[in-house]
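Working notes, beginning with the structure itself.
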Amino acid sequence: MADNHFKEEEFNNKLNTKTAMRILSQAKPHWLLLTGFIICIMATAFLEACGTFIVKLAIDEAIIPGNKELLFENFFTYGILHFLLAVVVFGFIYCAGRLGEQLQYDLRKKLFGHLQNLSFSYFDKTPVGWIISRLTSDIQRVSDLVTWNFLDIVWAVTNITSAMIFMFIINWKLALIVAVTMPVLITIALRFQKYIIGEFRKVRSINSKITGAYNENITGVKIIKALVREKKNLSIFSELTDDMYKASYRAIWLSAIFLPIVQLITAVSFGAVLWFGGFQFKMGLFTIGGIQAFISYITFMMWPVQDLARVYGEMQQAVASAERVFSLMDTQPDILDLEGAIDVDSVKGEIEFEGVSFYYEENNPVLTDFSLKVKQGETIAIVGPTGGGKSTIVNLVCRFYQPKEGRILMGGRDYTGFTQQSLQSKLGVVLQAPHLFSGTIMDNIRYGRLDASDKEVVEASKLARSHDFIKELPKQYNEDVGEEGTLLSVGQKQLISLARAVLARPDIIIMDEATSSIDTITEELIQKGMDSLLSDSTGFVIAHRLSTIRNADRILVIEKGRIKESGSHKELLKEKGHYYDLYTRQFRKEREKDLHVFS
């Protein structure tokens, strides 16, 4: 259930300045919003500090002396100040909210586009849950860091600075006492940050595995229930959630310790101000309004520091998420278009494997010095034992992978000289497990050629022998197929996949075990559709049911990455070699089943 084969990149436990700057750089295209919310949040902190100073003046110069005229002026000034405060609060919330949504939009669009360009091999080895986690929760955290977390930091710095300035204006001696506590608090915060970031990185890493486990259990629910795997899967999932709980608990525990320490230091600062301020008041050197203002300013300063545990926790989660987002963004495709690669209008012509060797892992070759010539319009059927290299051959034709040695020629030209998009747009692929997308049957068939008309879609369906069953559906071509085609049978999905391939008008057709999971009646329909599809194209057919490839121009028996036998169906039967054994054994089993020999 878990993606144990996938080893995620490890990141060090220090706050990476380069990563932080790269996060902020994502906001560069929206610098007006960023500037707006920074100005507004700084204005908010400064206006709050001014408000406290006005209250101090009102107490000392108007309330205690009984000066009603000055009191009215102070309250009028205080009212204007709070009106301005309301305006700038609206400003920073609006700017931060818009900036956050824009960043998520940009990052998701950028990552999704990047995923489209990654090579087939990346998706072979990377868990779906890992990718989904990057596109959802990780991007959300990065957005929060640039907006709300960054806002908290700017607000805290401005608040502390403004408060210190006004405290020095009121009484520089008391201000020095408060200033001494700040380095202590900052040192403690930095020490705790070092440990909190490590725990939250563990949380994000485990969360990816949990997302992957959810994905596997939901998509594979039929197999899980059929094999009664619920308890075992629950046990494995519990181990993952236990690990995540422990890492989260340690991070929360560190944050919980941090808060009381800050409160204790704040209490000492309060006590010192009250004691020394009271002493100065008796000496006539300090006022009641001044003491009240100092207490308010200390609260302004200490509250952001007390909140640093939460802010740091969220920041570390965001930085850890950003590292993973950027690691995906920085992943380079294994296969890149060569400089000067051309868009090809057609790949019709002879296809030649010229001394091709390929491996997925070092020292474990799948194909070795493999050579093959396929004429234009020829249908090649590929059979052989599992792991022999059948799928690798067609994956190389599709350029999902490239030869490690040797080359593949199409029309006499090395196909690496073509752009991947132009080459793969000339391919039609029908897989063993057909994949449909959410939407209607019309949408799914048109996926083969987006500019096709409704009439062309219907014509393609008729050629693929899917038109008859579609016409019997309540909404016909507008029938919804459900997520991944769950509302249709396997055979119906395969017929729609075949129609999609027919509509694409491909130069090369790949049929990978296209009839292995369906009944014989549907197989006959698909076989007729395949004949229509292959009539004008070069075809590669990987077959499990050998009865479906009897009409192939040539049949290759592939074993251990080499061609063991080659010829037409009749020629190979006459040789009485490996193909003969496979065919007669399979034919015998089918006949025994039909005649109910063992019933």
Side-chain angles (χ1 to χ4, degrees), residues 3 5-11 16 18-31 33-34 99-147 201 204-205 207-212 214-216 219 317-343 360 395 398-402 415-416 418-427 429 435 437-438 447 450 484:
D3 295 306
H5 67 283
F6 176 73
K7 185 171 179 58
E8 186 171 359
E9 181 182 356
E10 295 291 335
F11 303 99
N16 192 324
K18 184 178 179 181
T19 300
M21 293 305 297
R22 188 172 178 184
I23 293 169
L24 291 177
S25 71
Q26 302 304 310
K28 188 176 180 180
H30 315 288
W31 64 271
L33 287 173
L34 181 62
L99 178 61
E101 292 303 318
Q102 191 64 53
L103 285 173
Q104 290 186 58
Y105 171 80
D106 290 348
L107 282 172
R108 287 195 177 113
K109 187 176 179 181
K110 190 181 294 184
L111 276 184
F112 189 82
H114 182 65
L115 284 170
Q116 306 307 301
N117 295 323
L118 290 179
S119 302
F120 190 78
S121 57
Y122 178 81
F123 300 96
D124 264 354
K125 62 188 179 185
T126 308
V128 173
W130 192 94
I131 297 173
I132 292 173
S133 181
R134 302 299 162 270
L135 290 167
T136 52
S137 60
D138 282 330
I139 285 180
Q140 175 71 55
R141 292 185 190 280
V142 172
S143 169
D144 288 345
L145 175 60
V146 177
T147 52
R201 278 178 172 145
R204 295 306 307 150
S205 179
N207 183 64
S208 294
K209 296 178 182 179
I210 288 176
T211 305
Y214 273 129
N215 179 71
E216 284 191 347
T219 56
Q317 291 184 67
V319 170
S321 293
E323 288 171 332
R324 287 163 173 77
V325 168
F326 294 142
S327 73
L328 172 54
M329 198 177 292
D330 294 339
T331 300
Q332 293 298 313
D334 291 336
I335 300 175
L336 294 168
D337 288 338
L338 299 178
E339 187 176 348
I342 62 171
D343 289 329
Y360 297 99
N395 281 337
C398 296
R399 207 182 168 196
F400 294 151
Y401 295 92
Q402 286 185 170
Y415 79 161
T416 58
F418 307 146
T419 60
Q420 294 178 73
Q421 186 174 6
S422 66
L423 168 62
Q424 290 166 356
S425 67
K426 306 300 182 295
L427 302 175
V429 181
H435 183 89
F437 300 90
S438 298
Y447 205 85
L450 297 178
E484 296 187 2

#### Entry: Close side-chain approach of Val325 to Leu111, heavy-atom, < 4.5 Å
yes
### Query
How many angstroms lie between atom CD1 of Ile23 and atom CG of Leu145, to the nearest 0.5 angstrom?
4.5 Å
### Task
Please name all residues satisfying salt bridge (charged side-chain N to carboxylate O under 4.0 Å, His left out) with Arg22, sequence neighbours left out, ordered by chain then number.
Asp330
### Query
Partners of Tyr360 by ring pair (Phe, Tyr, Trp, His ring centres under 6.0 Å), sequence neighbours excluded?
Phe358, Tyr401
### Task
Could you tell me which residues satisfy side-chain hydrogen bond (donor to acceptor under 3.5 Å, both in side chains) with Asp144, sequence neighbours excluded, listed by chain and number?
Gln140
### Task
Applying ring pair (Phe, Tyr, Trp, His ring centres under 6.0 Å), name anything that partners Phe418, two or more places apart in sequence or on another chain.
none
### Task
Please identify each residue that fulfils side-chain contact (heavy atoms from CB on, under 4.5 Å) with Ile131, with sequence neighbours left out.
Leu115, Tyr122, Phe123, Thr126, Leu135
### Task
Answer yes or no: is there a donor N or O on one side and an acceptor on the other, between the side chain of Ser425 and the main chain of Gln421, under 3.5 Å?
yes
### Summary
By side-chain contact (heavy atoms from CB on, under 4.5 Å), Gln424 pairs with (sequence neighbours left out) Arg399, Phe400, Gln420, Leu427
#### Entry: Atom pair CD (Gln402) and CG (Leu336), whose distance is rounded to the nearest 0.5 Å
8.5 Å
### Query
To the nearest 0.5 Å, what is the distance between CZ (Arg134) and NE2 (His114)?
13.0 Å
### Query
Who pairs with Ser422 by side-chain hydrogen bond (donor to acceptor under 3.5 Å, both in side chains), at least two apart in sequence or on another chain?
Thr419
### Task
Check side-chain contact (heavy atoms from CB on, under 4.5 Å) between Gln102 and all other residues, then give those that pass, not counting sequence neighbours.
His30, Tyr105, Asp106
### Query
So do Arg141 and Arg324 actually touch side chain to side chain, heavy atoms under 4.5 Å?
no
### Query
About how many Å separate CD of Glu323 and CG of Asp138, when rounded to the nearest 0.5 Å?
10.5 Å
### Task
Return the set of residues passing ring pair (Phe, Tyr, Trp, His ring centres under 6.0 Å) with Phe326 (not counting sequence neighbours), or none when no residue passes.
none
### Query
Closest approach of Ser143 and Gly100, non-hydrogen atoms and distance?
OG-O, 2.8 Å
